[in-house]
Amino acid sequence: DQIPAANEIGGQDVIRFSPGADPVQVAEAILKWTETSPVFHLRRRVRQGLTWRSLFQREILPLLDNGGA
């Protein structure tokens with residue numbers, strides 16, 4: 001709660017911990033969030049599916065292979 005902007009922008013998606021927190025517990029909290037957060041899952045799916053390479057292979061290459069038909 002020491003960074004008001006993080007709370008304002010991130011809301012419930014911000015993982016809060018004290019500077020003196022056990023690093024293992026912090027890592028476990030982050031891992032738990034990545035496993036359960038729909039926001040994280042959506043971002044990962046978008047990042048994986050909307051790369052230049054995947055767009056080219058999925059959308060452009062078929063047009064070139066079929067002669068534009």
Side-chain angles (χ1 to χ4, degrees):
D1 292 339
Q2 297 293 324
I3 306 173
N7 295 330
E8 182 179 334
I9 295 169
Q12 296 300 314
D13 294 315
V14 174
I15 298 172
R16 295 167 180 85
F17 58 90
S18 69
D22 176 33
V24 172
Q25 290 178 337
V26 172
E28 288 173 350
I30 293 170
L31 286 174
K32 181 180 178 184
W33 180 82
T34 62
E35 293 168 354
T36 60
S37 170
V39 172
F40 179 80
H41 290 252
L42 176 62
R43 285 182 177 173
R44 182 174 51 194
R45 195 166 52 246
V46 168
R47 282 193 312 266
Q48 290 172 345
L50 297 179
T51 64
W52 283 113
R53 180 180 300 264
S54 68
L55 287 171
F56 177 80
Q57 290 176 342
R58 187 175 63 242
E59 305 294 334
I60 297 171
L61 193 57
L63 295 173
L64 298 175
D65 287 344
N66 293 330

- Message: Holding to side-chain contact (heavy atoms from CB on, under 4.5 Å), I want the full list of residues that pass it with I9, two or more places apart in sequence or in another chain.
- Response: none
- Item | Reported CG-to-CD distance for the pair L61 and E59, which is rounded to 0.5 angstrom | 11.0 Å
- Sorted by chain and number, sequence neighbours left out, side chain to side chain donor-acceptor pair (under 3.5 Å) with T51 holds for S54
- Would you check if L55 and L50 make a side-chain contact, meaning some heavy-atom pair closer than 4.5 Å? yes
- Message: Suppose we screen for side-chain contact (heavy atoms from CB on, under 4.5 Å). Which residues come up paired with R43, at least two apart in sequence or across chains?
- Response: V39, R47
Listing, residues 18-36 side-chain donor-acceptor contacts under 3.5 Å, not counting sequence neighbours, or none:
unit_1, atom_1, unit_2, atom_2, d
S18, OG, A21, N, 3.4
T34, OG1, L31, O, 2.7
T36, OG1, K32, O, 2.9

- Minimal heavy-atom distance between P62 and Q57, with the atoms involved, is CD-O, 3.2 Å
- Query: Would a hydrophobic clustering, with Ile, Leu, Val, Met, Phe, Trp and Tyr connected at side-chain separations under 4.5 Å, put F40 with I15?
  - Reply: yes
- Message: Please determine whether side chain to side chain contact (heavy atoms under 4.5 Å, CB included) holds for the pair I60 and W52, giving the CA-CA distance in whole Å, both sets of side-chain angles, and the decisive distance to 0.1 Å.
- Response: CA-CA 10 Å; I60 297 171; W52 283 113; over 6 Å; no
- Item | Heavy-atom closest pair, residues R16 and G11 | NH2-O, 3.2 Å
